[in-house]
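Lettering follows sequence order; numbering is per chain, from 1.
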Protein chains: 2
Amino acid sequence: MSEAEQAPNRSYHHGDLRNALIQAGREILTEEGSAGLDLRKVARRAGVSHTAPYRHFADKQALLAAIAEDGFRELTEQMRARLEASPPLIEHQLISLGVAYVRFALERPAHMREIFSGLMIERAAYPDLYAASKVAFALIMTTIVAAQERGEIVEAHPTDLVVTVWAMIHGVAMLLLEQQIPGYTDDEAAELLVQQTIQALYTGIRSRTTPRKAGV
Amino acid sequence: MSEAEQAPNRSYHHGDLRNALIQAGREILTEEGSAGLDLRKVARRAGVSHTAPYRHFADKQALLAAIAEDGFRELTEQMRARLEASPPLIEHQLISLGVAYVRFALERPAHMREIFSGLMIERAAYPDLYAASKVAFALIMTTIVAAQERGEIVEAHPTDLVVTVWAMIHGVAMLLLEQQIPGYTDDEAAELLVQQTIQALYTGIRSRTTPRKAGV
DNA sequence: ACCTGAACACCGTTCAAGT
DNA sequence: ACCTGAACACCGTTCAAGT
């Protein structure tokens, strides 16, 4: 935390420019969205010339990937925090994961989009970003497997269940984020929506009464 | 279809430049992705000067919204087509909707992203795009309500069910699109994933055996 | 009414040069 | 090793002008 201890000298070297650029980018993304995120502006905010970033990133895309990776870690951390504060029943746990996910998406929409459109661009080119996504995946996996061991969840292949749960949460977050769901603007409504969708996935939407056979 | 009949004269007027620009944009989006979609290139492809688009669109954003709207209509059309070819059982119908959705996303990833990131930007500014999204919503709604009448689906509020189903399908499509799900690259695997997730939502992921009470 | 060409401010990237 | 400044090609947008 102390500034004086770390920096060797601050002549014209920055100390940790790479990280300063990621943080500056993060801020711009949060304040102005992805349209406002240009390399020259990031450099300006970090207090260096507009060519300095090229010492640390091959190009703009590489900086974006680093910012996405940073966001993915933060998202995972918030999921983990809510999960730990949750009672050990799978319904509550899934809702906790979902609420953390949706809150992050609504608090930092541009960052959320960047996180998930960064992977498309040749996964092999950004292995660290890919690694960050696997940590999030593993977190859900652990939760699912433990619930199976407690007998709370169906005995399907865990990977399939993780994908299903993740897709549900991701879909809710993204539709909310893009304001596709009318009437859900505030956080409270968003949490109710998470509860409702997780509940639907948990118990199913199939009719519980015997379905009448053909014929209206 | 005939070119000669429609055009009054082709001196220097284009005839239907607005539509030509949307189509040109669509093509570029499909071929090069959103990074390659600049206004001057769109104009070049449509065969006009780089300032001509401003006769029909206030700015680049407005053209993007029009392209997104065009894509939304196409997506809805493909959903409707598959739905009509589906047996009238809700499970098959939801899978049909999902498959159409996912196929579109994988065939035209950049277009799909554009469709859903276009709404964020002030809904009021692009009412036509918003209207296109409501048509898709209505299609799912009709399907759900009919299934409720047949007694195949739980008697919840239809709007809630539509959101739940849509979120599930959207999540699957977007995670596949961004290559977040390892091992699902080809269309066939993607269809299996849709089946699996819809099935999970339909019947639920809760354990069918009596869950053991606390204690491993 | 519809389109063009010059002009402006700005961006990503490169490269020779500075400490 | 790390950063700067000039330079280049390109983009979005405006505006006076042409038919």
**Request:** Measure from OH on B/Y54 to C1' on C/dA7 and round the result to the nearest Å.
**Result:** 14 Å
**Request:** Give the minimum heavy-atom separation between B/I115 and B/G71, together with the two atoms involved.
**Result:** CD1-C, 3.5 Å
**Item:** d(CG, B/L63; P, D/dT13) in whole Å
**Value:** 10 Å
**Closest approach of A/T76 to A/L139 (non-hydrogen atoms, all atoms of both residues)** = O-CD2, 4.0 Å
**Message:** Without decimals, in angstroms, what is the distance between A/R55 CZ and C/dC15 C1'?
**Reply:** 10 Å
**Message:** Let's go through A/V135 and A/R80 carefully: what are the C-alpha distance in whole Å and the side-chain angles of both, what is the deciding distance for side-chain contact (heavy atoms from CB on, under 4.5 Å) to 0.1 Å, and is it a yes or a no?
**Reply:** CA-CA 11 Å; A/V135 175; A/R80 196 195 308 280; 4.1 Å; yes
**Request:** Return the 5'-most residue of the pair B/K60, A/S49 with respect to DNA chain D, ranking by each residue's nearest nucleotide.
**Result:** A/S49
**Item:** Considering all heavy atoms, the nearest B/G36-B/K41 contact
**Value:** O-NZ, 3.0 Å
**Item:** Protein-nucleotide distance (A/H50, atom NE2; C/dT13, atom P), rounded to Å
**Value:** 12 Å
**Prompt:** What are the two closest heavy atoms between B/I67 and B/G25, and how far apart are they?
**Reply:** CD1-CA, 3.7 Å
**Prompt:** Any idea which heavy atoms bring A/A58 and A/A62 closest together, and the distance?
**Reply:** N-CB, 4.0 Å
**Prompt:** Rounded to whole angstrom units, what separation is found between the CZ atom of A/R44 and the P atom of D/dG5?
**Reply:** 14 Å
**Item:** Distance, rounded to the nearest Å, where A/R40 contributes CZ and D/dT4 contributes P
**Value:** 13 Å
**Item:** Interface residues of residues 30-37 of chain B with DNA chain C (non-hydrogen, below 4.0 angstrom)
**Value:** none
**Asked** In whole angstrom, what separates B/Q61's CD from D/dT13's P?
**Response** 9 Å
Give every donor-acceptor pair under 3.5 Å between a side-chain atom in residues 85-107 of chain A and any protein atom, sequence neighbours left out.
| unit_1 | atom_1 | unit_2 | atom_2 | d |
| --- | --- | --- | --- | --- |
| A/S86 | OG | A/S96 | OG | 3.3 |
| A/E91 | OE2 | A/Q199 | NE2 | 3.4 |
| A/Q93 | OE1 | A/R150 | NH2 | 3.2 |
| A/S96 | OG | A/H92 | O | 2.9 |
| A/Y101 | OH | A/W166 | NE1 | 2.9 |
| A/Y101 | OH | A/H170 | ND1 | 2.7 |
| A/R103 | NH1 | A/E191 | OE2 | 2.1 |
| A/R103 | NH2 | A/D187 | OD2 | 3.3 |

**Complete:** What one should report as the nearest heavy-atom pair of B/A110 and B/L29 is CB-O, 3.5 Å
**Item:** Rounded distance (Å) that lies between atom P of D/dT13 and atom CZ of B/F57
**Value:** 13 Å
**Request:** Let me have DNA chain C in dot-bracket notation, would you? Count Watson-Crick plus G-U wobble pairs, both distances under 3.5 Å, and use [ ] for pairs crossing earlier ones and | for inter-strand partners.
**Result:** ||.|||||...|||||.||
**Message:** Let me spell it out: for each of B/A52 and A/K41, pick the nucleotide of DNA chain C with the closest heavy atom. Which residue's pick is nearer the 5' end?
**Reply:** B/A52
**Request:** Find out whether A/M168 and A/T164 are in side-chain contact, i.e. whether some heavy atom of one side chain is under 4.5 Å from a heavy atom of the other.
**Result:** no
